[in-house]
Every structure is written in C-alpha cells, then in structure tokens.
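To keep things clear, I will list the structure first and then write my remarks on it.
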Amino acid sequence: MITRPVLRSLRSSVNCWRHRAVLGTALQGSDVSGRRRDSPPARGGVSGMEDILSRVVAPLPSYETRDKSPPPPESNSLEFMHFYKSLDKEDKLSFLTKLSQEFGVDHRSVSELALKLLDTQLRDVATILQAEDRLRYGLTPRYRHLLSHISRVEGGVKFLVDLRADVLEIISSKASESPHIRDLNGTLKSLLSEWFSVGLLRLERITWQSPCEILQKISQYEAVHPVRNWTDLKRRVGPYRRCYAFTHAAMPGEPLVVLHVALTEDISDNIQSIVREFATLDAEEDVNKINAAVFYSISSTQAGLQGVELGNVLIKRVVRELQSEFPQMAQFSSLSPIPGFCSWLQGLLSQYRKDGRATDLLSEQEWKEVEKATDSSPGTAAVDSLRKLISTGDWMRSERVSSVLEPILMRLCAWYLYGEKRRGYALNPVANFHLQNGATLWRLNWHADTSPRGVANSCSIMVNYRYFLNETSKNGALYRQNKVITVSEQVLGFVSQFQKTSKL
C-alpha cells in the first residue's frame, strides 16, 4: 500500500499532468498564430483524411460496454485499406501522423483514471485491481481496435505488415520525429508479435517440387548470396541442401523468413564450395557423408516484421528437423558474412590518420611490408595506400599483397566482432543475432567469400558461429544478461594479437 504523504505527492503530480494534457489538447491543432502544428497538409486533401478517419476509427467503447459493443462493419477496414493504398509517400506520412495524433490515447481521461487509482490505494484489493484494469483499458489507443479488425479481413494482416514497414521507414529516415508515430509503431509491433507467435507459424521445407510462385519468391528474397538463375536455385533446394521457411495462414504463399542449409562432411570454411558447386545437382545423398549442417543464409522477407523474433526460432526448429532426419548429425554452424567490417576499418584508419596515430594499428615490420607491397613511402602515404587497397579490392589480384594483409585483416576482423560494441553488445548485427541465440564465435575464415560483394564488405573473410546444442541456452543467457561473448581459442588468439600490436 502507498502511504498518505506519498499519495498526496502523487496526486499533486497527476493533477499537474492532467492540466498539461488538457492544455496540450487545446493547443494540439494550432500554434499561436492559428496555423496547424502537425504535419504539412497532404496533396490528397486534409479534409478527405479527416473524413475517412472520423468514419472508420470508432470511439473507444466505455469500460462497462467493452465486451458488449458490436464490431464495426468490415467495410470500415476495407475503406481504410483502399484509401491508404491510394496515397503517395508524402500523403501516407500525413495520414499516419493524423491517425496517431488524433485517434490515439485520450490523455485527459487517462489522467483522471490515474487520480482515481491513487484514491483507491487505501481501499480493498478488489477495488484497487478494478481501478488498475480501468486505467489499463484507458491506455488503449483508439486506432488499436481498427488495426485489430483490419487483421480479420482478407489480406488485412499483410496490409498491416506493410503498414508497419512504412512506419519504420518514416522513423529511420527521420521524416517525422513525432512520438505519436513511435507509439503507433509500438502498437503495431505488439499486435504483430501476437499474430506471428511460434504456435501460429508453419515450418515448410522448400523443394524443387514446391509451387513456382514460392520458388520465385525464395529467389527474390535471398539477401545474403543472390541467386543467379534457375539452375542455381535448383541446386540450393536439391541434394545435400535444405531450404526451410516459416509461413503464416493469414499470408498464404508468402515466406516470412528463409533459411538455407548445406549438408556437409565438415563445417564449411568458404561459401564458394556451397553456392558454386554444381557436382551435387543430380547426386543421390549419401548419409555417411552428412555430418554437419551449415546455415549459410537466413533472410527475413518482411520489413514490417522487424523486431518480431522469427529467425532465431526458425534455426531451432530446423535443428530439430535435421536431427530427426539425420540422427548421427552432431555439428551445427553458420557460415556468416561480416557486413560493415570494411566500412568500420576504413573509418578506423581515417580517424587514426587524422589523429596522427595510424601507425599504431600495425607493427613496424608490417608497415614496412605494406610499403614494399604497395611501393609507397612511410607514414601517411602508406596509410592512404592501404585504405585504397581495401576500398578497391585490388589486393585480391596479388598473392604477395594478399599474404601480407592476411594476418593484419584477420586480427582486425576478430577485434571488430569481439571487441567493438554498441551498448555492451556486439556492434555487428549478424554477430549479435547468433550470439543472442547462444552460438559460439568459433572460426574466422580467410578468402571465404571472394565475390566482389564479399571482398567489398569484409575483405573476403567469413565467420562460423558454432551451435553447441548443450551449451546454447547457457551461452545465450550469458550474452543477453551479462554481455559475455562465448569465443573459441582461434578467435581469442587473433584478439590477443590485436591487443598486443595495436594501441587503442
């Protein structure tokens, strides 16, 4: 229970909040000169937006009638969807801003409910619980009910997934700084997380006999290693390969997240042997040659499902599926790209050059080898030559230059994955994903992706995140709760070399 002095203090604070909410409501639509303060009027017409929103966004039923109110007609949802799809990008921003600002939470009502909750603190538990429930209900945005009803019409869930993709783009591009837009995003994410919970997802294995439309989408959505042609796609769903996807009944024929797996004798150390090897195209699988499952590509296909956990659940389901098919299989690992490594390295070299400390990143002997390999002078000229080599990828054409750069780039990459952090977690998004799943940062692989994209993104380096099944729960908890990365001796060795050589 809350003591009386604390109650008085809280009541005073809520009163202040209520008066500010009332004042904010009065001033919300205009500034001191009478002009609108919200987003600029849409070319489609502000009046048209106001008209449709006032018709289709029903008032929040009273607390007493919340379970008795009849649902709005389906035509409301269809009209909203049709109108929104007809808008251009700028008009969508105006429409979503108006929806989130003017049809969200009734802040004045919430402040009154909060005061009533405080007034019940010295009463019986049942009264307190009811007051809390009333406040919880009052915090529901008006538009949430519309969104829920849209999900029940044909194509409604897909529409809301795409709607959230638009909201995320608005937030990431900073087209709007409105906290109401962020609140709309949170509401959409909450609803989608419920609708796309694990029990409602269906795991499908994609084969060459799958519908053509599904195969085409698998090809289009492949974001890690682009599919070159139909023969390439046939091989990726053929012998010694597996392709799995999560689907949802509300979005038939639409894969949500796709995982490609190579079935190998040992854990692969390069992607060329997986995506460019055609010997397996018409081969019969020999189970005696299948000891490892290598997850070499995982792609989320729906931008609107960002933040809804699908990929980690898919990997766990696929592991169980493969264990059932191949009981002898004991090795599970990713073969992952390292997006952002080259950009990070270029930024590091640039900053060190600016500070006059670029020579601190390499040993004196290594700088001599770089100068010799690039025919450059000591100091900033050698730094600039190294930056140019990395940006152009020209070093791949020379075995001598490649051998000079290998130990340098491998230890820098190890540090990037292990030591560079954002809020205590791995800076690299792919690393962060697998480490949260409980994987071990296991092995760095040189010349693992020699494609132009692989060279440009990560200097040809790829990484295996190893899934030791009896340790993943413990490792994942250590990382999520204590920000501890489970790492192999090989990677720790590179990190140790970096710490000895480089002066951060």
Under 3.5 Å: donor-acceptor pair, side chain of [X], backbone of [Y]:
{"X": "T187", "Y": "D183", "answer": "yes"}
{"X": "R241", "Y": "I274", "answer": "yes"}
{"X": "T97", "Y": "L93", "answer": "yes"}
{"X": "N445", "Y": "A448", "answer": "no"}
{"X": "S148", "Y": "R144", "answer": "yes"}
{"X": "S333", "Y": "N464", "answer": "no"}
{"X": "R235", "Y": "V275", "answer": "yes"}
{"X": "E366", "Y": "S363", "answer": "yes"}
{"X": "S350", "Y": "Q346", "answer": "no"}
{"X": "S458", "Y": "P337", "answer": "no"}

Looking at [X] and [Y], what are the two nearest heavy atoms and their distance?
{"X": "S451", "Y": "D449", "value": "OG-OD1, 2.7 Å"}
{"X": "V237", "Y": "W208", "value": "CG2-N, 3.7 Å"}
{"X": "L409", "Y": "C459", "value": "CD1-CB, 3.9 Å"}
{"X": "I290", "Y": "L263", "value": "CG2-CB, 3.9 Å"}
{"X": "A293", "Y": "V261", "value": "CB-CG1, 3.9 Å"}
{"X": "L147", "Y": "L188", "value": "CD1-CD2, 3.8 Å"}

Distance (rounded to the nearest 0.5 Å) between [X] [atom1] and [Y] [atom2]:
{"X": "R142", "Y": "S100", "atom1": "CZ", "atom2": "OG", "result": "13.0 Å"}
{"X": "T472", "Y": "N312", "atom1": "OG1", "atom2": "CG", "result": "11.5 Å"}
{"X": "R422", "Y": "N428", "atom1": "CZ", "atom2": "CG", "result": "9.5 Å"}
{"X": "I408", "Y": "W367", "atom1": "CD1", "atom2": "CH2", "result": "7.5 Å"}
{"X": "L345", "Y": "S391", "atom1": "CG", "atom2": "OG", "result": "10.5 Å"}
{"X": "S334", "Y": "M462", "atom1": "OG", "atom2": "CE", "result": "8.0 Å"}

Residue pair [X] / [Y], side-chain donor-acceptor N/O under 3.5 Å:
{"X": "T440", "Y": "E471", "answer": "no"}
{"X": "N437", "Y": "Y465", "answer": "no"}
{"X": "D286", "Y": "Y240", "answer": "no"}
{"X": "H145", "Y": "T140", "answer": "no"}
{"X": "E371", "Y": "S376", "answer": "no"}
{"X": "K158", "Y": "Q302", "answer": "yes"}
{"X": "S176", "Y": "S178", "answer": "no"}

(request) List the steps, then state whether salt bridge (charged side-chain N to carboxylate O under 4.0 Å, His left out) holds for D394 with K388. (result) CA-CA 8 Å; D394 288 344; K388 184 178 179 182; over 6 Å; no

(message) Applying salt bridge (Lys or Arg N to Asp or Glu O under 4.0 Å) as the test, list every pair that has at least one member in residues 249-274; sequence neighbours left out.
(response)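 Salt bridge (Lys or Arg N to Asp or Glu O under 4.0 Å) check on residues 249-274 returns K217-E254.
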
Taking everything shown except [X] itself, do over 12 heavy atoms lie less than 6.0 Å from its [atom1]?
{"X": "Q328", "atom1": "CD", "result": "yes"}
{"X": "R182", "atom1": "CZ", "result": "no"}
{"X": "K289", "atom1": "NZ", "result": "no"}
{"X": "E489", "atom1": "CD", "result": "no"}
{"X": "E194", "atom1": "CD", "result": "yes"}

Side-chain touch [X]/[Y], heavy atoms, less than 4.5 angstrom:
{"X": "L201", "Y": "V313", "value": "no"}
{"X": "V319", "Y": "L469", "value": "yes"}
{"X": "W230", "Y": "L215", "value": "yes"}
{"X": "N185", "Y": "L168", "value": "yes"}
{"X": "V463", "Y": "H434", "value": "no"}
{"X": "K189", "Y": "S193", "value": "yes"}

(request) Let me see the working for E222 and S297 under side-chain hydrogen bond (donor to acceptor under 3.5 Å, both in side chains), right down to the final yes or no. (result) CA-CA 8 Å; E222 173 53 36; S297 173; 2.7 Å; yes

(message) Can you confirm if the aromatic rings of F196 and H248 lie within a centre distance of less than 6.0 Å?
(response)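 Ring centroids of H248 and F196 are less than 6.0 Å from each other.
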
(request) Assess the pair Y244 and F295: is the distance between their ring centroids shorter than 6.0 Å? (result)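 Judged by ring-centre distance (under 6.0 Å), Y244 and F295 do not meet the cut-off.
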
(request) Quick one: do Y84 and F159 satisfy ring-ring contact (aromatic ring centres under 6.0 Å, His included)? Show the steps, please. (result) CA-CA 10 Å; Y84 183 79; F159 170 83; 5.8 Å; yes

(message) Test ring-ring contact (aromatic ring centres under 6.0 Å, His included) on Y416 and F341; report intermediate values, then the result.
(response) CA-CA 7 Å; Y416 169 67; F341 169 58; 5.8 Å; yes

(request) Compute both the distance and the angle, then confirm whether K483 meets the cation-pi test with Y425: under 6.0 Å from the six-membered ring centre, within 45 degrees of the axis. (result)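 Because its charged atom sits under 6.0 Å from the ring centre and within 45° of the axis, K483 does stack over Y425.
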
(request) Tell me, please, whether F494 has R411 positioned over its six-membered ring: NZ or CZ under 6.0 Å from the ring centre and within 45 degrees of its axis? (result)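 No, a cation-pi geometry is absent between R411 and F494.
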
(request) Any chance you could lay out the salt bridge (charged side-chain N to carboxylate O under 4.0 Å, His left out) test for R205 and E321, step after step, and finish with the verdict? (result) CA-CA 10 Å; R205 179 182 167 189; E321 193 82 6; over 6 Å; no

(request) Start with the C-alpha gap between E204 and R202, add the side-chain angles, then the distance that decides, and say whether salt bridge (charged side-chain N to carboxylate O under 4.0 Å, His left out) holds. (result) CA-CA 6 Å; E204 289 191 29; R202 180 185 174 192; 3.6 Å; yes

(message) For S402 and H447: C-alpha separation, side-chain torsions, deciding distance, then whether side-chain hydrogen bond (donor to acceptor under 3.5 Å, both in side chains) applies.
(response) CA-CA 10 Å; S402 179; H447 279 183; 3.2 Å; yes

(request) Please step through side-chain contact (heavy atoms from CB on, under 4.5 Å) for the pair R466 and F332, ending with a clear verdict. (result) CA-CA 6 Å; R466 181 86 179 265; F332 299 90; over 6 Å; no

(message) I'd like to know if D88 and K92 make a salt bridge, using a cut-off of under 4.0 Å between side-chain N and carboxylate O.
(response)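 Salt bridge: no.
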
(request) Starting from the C-alpha separation in whole Å, work towards a yes-or-no answer on salt bridge (charged side-chain N to carboxylate O under 4.0 Å, His left out) for E285 and R242. (result) CA-CA 12 Å; E285 287 182 352; R242 295 293 184 272; 2.8 Å; yes

